[in-house]
Number of protein chains: 2
Amino acid sequence: MLVNETKPFRELCRENGIAVTHQRQVLYETMKTMHGHPSPEEVYARVKKKVPAISLATVYKNIHIFVESGVFREVSLHHGSVRVEMNGEPHHHVVCSKCRKITDIGEKELGLGAKRSRLPGGFLVERYAVDVIGVCAKCQKSDC
Amino acid sequence: MLVNETKPFRELCRENGIAVTHQRQVLYETMKTMHGHPSPEEVYARVKKKVPAISLATVYKNIHIFVESGVFREVSLHHGSVRVEMNGEPHHHVVCSKCRKITDIGEKELGLGAKRSRLPGGFLVERYAVDVIGVCAKCQKSDC
DNA sequence: ATACTAAACGATAAAAGTTATCGTTCAATA
DNA sequence: TATTGAACGATAACTTTTATCGTTTAGTAT
């Protein structure tokens with residue numbers, strides 16, 4: 001679940017058992033005004049205008065807390081490091097949101113619907129890459 | 001060494017205008033035996049068994065060359081750094097394989113087919129995250 | 001309101017991943 | 001076989017992220 005726009009910040013914090021600090025609140029409100037997929041550095045630069053003494057570490061720590069709390073979502077659950085695909089067959093990925101394990105699922109096995117070859121704006125489609133995100137059997141058991 | 005074994009790789013190199021070096025060939029053949037989504041470090045560890053003097057830099061450089069040549073594919077075209085999603089609406093991503101720009105596309109606008117709530121193996125699906133990969137209008141023009 | 005404690009903070013060192021530099025070696029070609 | 005640009009190895013540098021640690025602050029219990 002993503003941000004409930006109407007929910008006050010204090011409530012969000014109480015629900016997630018985190019303290020309402022000045023830095024955290026300004027960070028949250030700053031992030032809500034941003035668009036796209038900003039990096040921690042970009043968020044840091046923006047929030048520094050309002051709280052000049054804030055530390056980059058605080059930005060990182062709070063972004064993680066927000067993501068863990070479900071206040072914000074990560075753009076991608078894939079590895080941060082460069083990874084190469086060894087499976088030559090057309091396939092997609094199954095990603096566990098708990099343990100972050102990524103496994104392959106065949107294009108056919110996934111059975112996705114119709115695809116487009118063009119998108120509005122003149123984007124020429126080469127392929128679709130689907131992540132099926134959820135909880136793997138192991139993590140359902142171990143409640144990790 | 002046998003001529004037959006080296007022939008396909010030699011062809012691959014000639015097609016892409018790169019030299020057939022011992023390191024490159026062993027790297028390629030090692031990678032072809034691997035599964036999943038190995039990191040450069042993992043590839044390095046494996047190839048070192050056959051060419052102990054190989055450098056990690058060589059592994060990185062050649063992985064890039066292989067990816068550029070289309071010999072191998074990157075698992076994800078997303079940012080290497082942590083990114084947070086500012087769009088609260090259900091949406092997917094349109095990714096240009098040339099300039100790597102990532103833009104949002106609404107769930108509805110993408111119009112994807114039926115989704116599953118369970119996968120074989122007991123995986124519990126939360127959501128689908130789709131990357132529509134291709135070439136953006138700008139890169140089609142500028143031939144970048 | 002005050003004191004106490006755990007959480008959060010800022011500064012910064014360290015770690016992890018990747019890229020750049022540079023002198024040496026080697027593959028392609030002529 | 002000689003030449004030359006590409007590729008190599010070693011390693012420094014850089015980027016991104018995490019860990020450490022002393023200080024400050026929010027939540028709460030008095």
Side-chain angles (χ1 to χ4, degrees), chain A residues 8-28 30 37-45 47-69 71-72 74-84 100, chain B residues 1 3 6-7 9-28 30 37-69 71-72 74-84 100:
Chain A
F9 182 68
R10 300 197 87 85
E11 217 176 296
L12 263 183
C13 288
R14 190 157 29 76
E15 283 172 9
N16 292 293
I18 58 175
V20 179
T21 69
H22 178 58
Q23 289 88 339
R24 187 122 71 206
Q25 182 152 14
V26 175
L27 185 55
Y28 171 77
T30 300
H37 320 113
S39 68
E41 280 285 352
E42 285 164 347
V43 173
Y44 175 58
V47 85
K48 244 192 153 184
K49 290 175 187 170
K50 289 182 182 168
V51 187
I54 202 168
S55 168
L56 177 59
T58 298
V59 172
Y60 269 98
K61 280 182 280 196
N62 278 297
I63 286 176
H64 284 141
I65 287 166
F66 289 152
V67 168
E68 282 161 25
S69 305
V71 175
F72 291 105
E74 284 181 86
V75 174
S76 169
L77 294 179
H78 281 258
H79 311 88
S81 64
V82 168
R83 298 294 176 126
V84 266
R100 293 189 161 239
Chain B
M1 69 189 78
V3 178
T6 64
K7 189 182 175 186
F9 182 70
R10 301 195 86 87
E11 261 175 50
L12 212 55
C13 288
R14 188 157 32 77
E15 284 171 11
N16 291 294
I18 59 175
V20 179
T21 69
H22 178 58
Q23 289 90 337
R24 187 122 71 206
Q25 180 153 13
V26 175
L27 185 55
Y28 170 77
T30 300
H37 320 113
S39 66
E41 280 285 354
E42 285 165 347
V43 172
Y44 174 59
R46 185 74 77 90
V47 83
K48 246 193 148 180
K49 290 174 185 168
K50 288 181 181 167
V51 186
I54 201 169
S55 168
L56 178 59
T58 299
V59 173
Y60 269 98
K61 281 182 279 196
N62 278 297
I63 286 177
H64 286 321
I65 287 166
F66 288 154
V67 168
E68 282 160 26
S69 305
V71 175
F72 291 104
E74 282 182 87
V75 173
S76 171
L77 292 180
H78 281 260
H79 312 88
S81 64
V82 167
R83 297 295 175 126
V84 268
R100 289 188 164 241

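If you're wondering where the values come from, they're calculated on a predicted model, not measured in any experiment. Just so we're on the same page: letters track the sequence lines, and every chain starts at 1.
Taking atom CD1 of B/Ile63 as the reference point, atom C1' of C/dG17 lies 12 Å away to the nearest angstrom. Protein atom CD of B/Gln25 is 11 Å distant from nucleotide atom P of C/dA27, rounded to whole Å. Atom CG in A/Asn62 sits roughly 13 Å away from atom P in D/dA26 (whole-Å rounding). Per the geometry, NE2 belonging to A/His37 stands 18 Å off P belonging to D/dT16, to the nearest Å. In this structure, B/Glu41 atom CD and C/dT19 atom P are separated by 13 Å, rounded to whole Å. Atom-to-atom, CD of B/Glu68 to P of D/dA7 comes out at 11 Å; the value is rounded to the nearest Å. Between the P atom of C/dA27 and the CD1 atom of B/Ile65 lies a distance of 15 Å, rounded to the nearest Å. Remark: P of D/dT15 and NE2 of B/His79 are 17 Å apart, rounded to the nearest angstrom.
For the atom pair B/Arg100 CZ and B/Glu74 CD, the distance stands at 4.0 Å (nearest 0.5 Å).
Dashed line: the shortest gap from a side-chain N or O of A/Gln23 to OP1 or OP2 of D/dT24 is not under 4.0 Å. Taking only side-chain nitrogens and oxygens, A/Arg14 never comes nearer than 4.0 Å to OP1 or OP2 of D/dA26. Between B/His64 and C/dT19, a side-chain N or O to OP1/OP2 separation shorter than 4.0 Å is present. One finds no side-chain N or O of B/Tyr60 lying less than 4.0 angstrom from the OP1 or OP2 phosphate oxygen of C/dT19.
Residues A/Phe72 and A/Ile63 are not in side-chain contact: their nearest non-hydrogen atoms beyond the backbone lie 4.5 Å or more apart. Looking only at side-chain heavy atoms (C-beta outward), B/Lys50 and B/His22 stay at 4.5 Å or farther from each other. Looking at heavy atoms from C-beta onward, B/Arg46 lies out of side-chain contact with B/Glu42 at the 4.5 angstrom threshold. B/Ser39 is listed as a side-chain neighbour of A/Arg83, based on a closest heavy-atom distance under 4.5 Å.
For B/Val20, counting side-chain heavy atoms from C-beta on, the closest listed nucleotide (C/dA28, D/dA7, C/dA11) is C/dA28. Side-chain proximity of A/Thr21 to C/dA8, C/dG10, C/dT18: nearest is C/dA8. Side chain of A/Ile54, nearest nucleotide from D/dG9, D/dT17, C/dG10: C/dG10. Closest to the B/Pro40 side chain, of the nucleotides C/dG10, D/dG27, C/dT18, is C/dT18. Nearest nucleotide to the A/Ser55 side chain, out of C/dA11, C/dA28, D/dA10: C/dA11. The side chain of A/Lys61 lies closest to C/dC9, out of C/dA8, D/dC8, C/dC9. Out of C/dA28, D/dT17, C/dT18, the shortest distance to the side chain of B/Val82 is found at D/dT17. Relative to the side chain of B/Ala19, the nucleotides C/dA27, D/dG9, D/dA19 differ in distance, and C/dA27 lies closest.
The aromatic rings of A/Phe66 and A/Phe9 stand perpendicular to each other, their planes meeting at an angle above 60°, with 30° marking the opposite boundary.
Residue B/Ile18 is the one, among B/Leu56 and B/Ile18, whose nearest nucleotide of DNA chain D lies closer to the 5' end (criterion: closest heavy atom).
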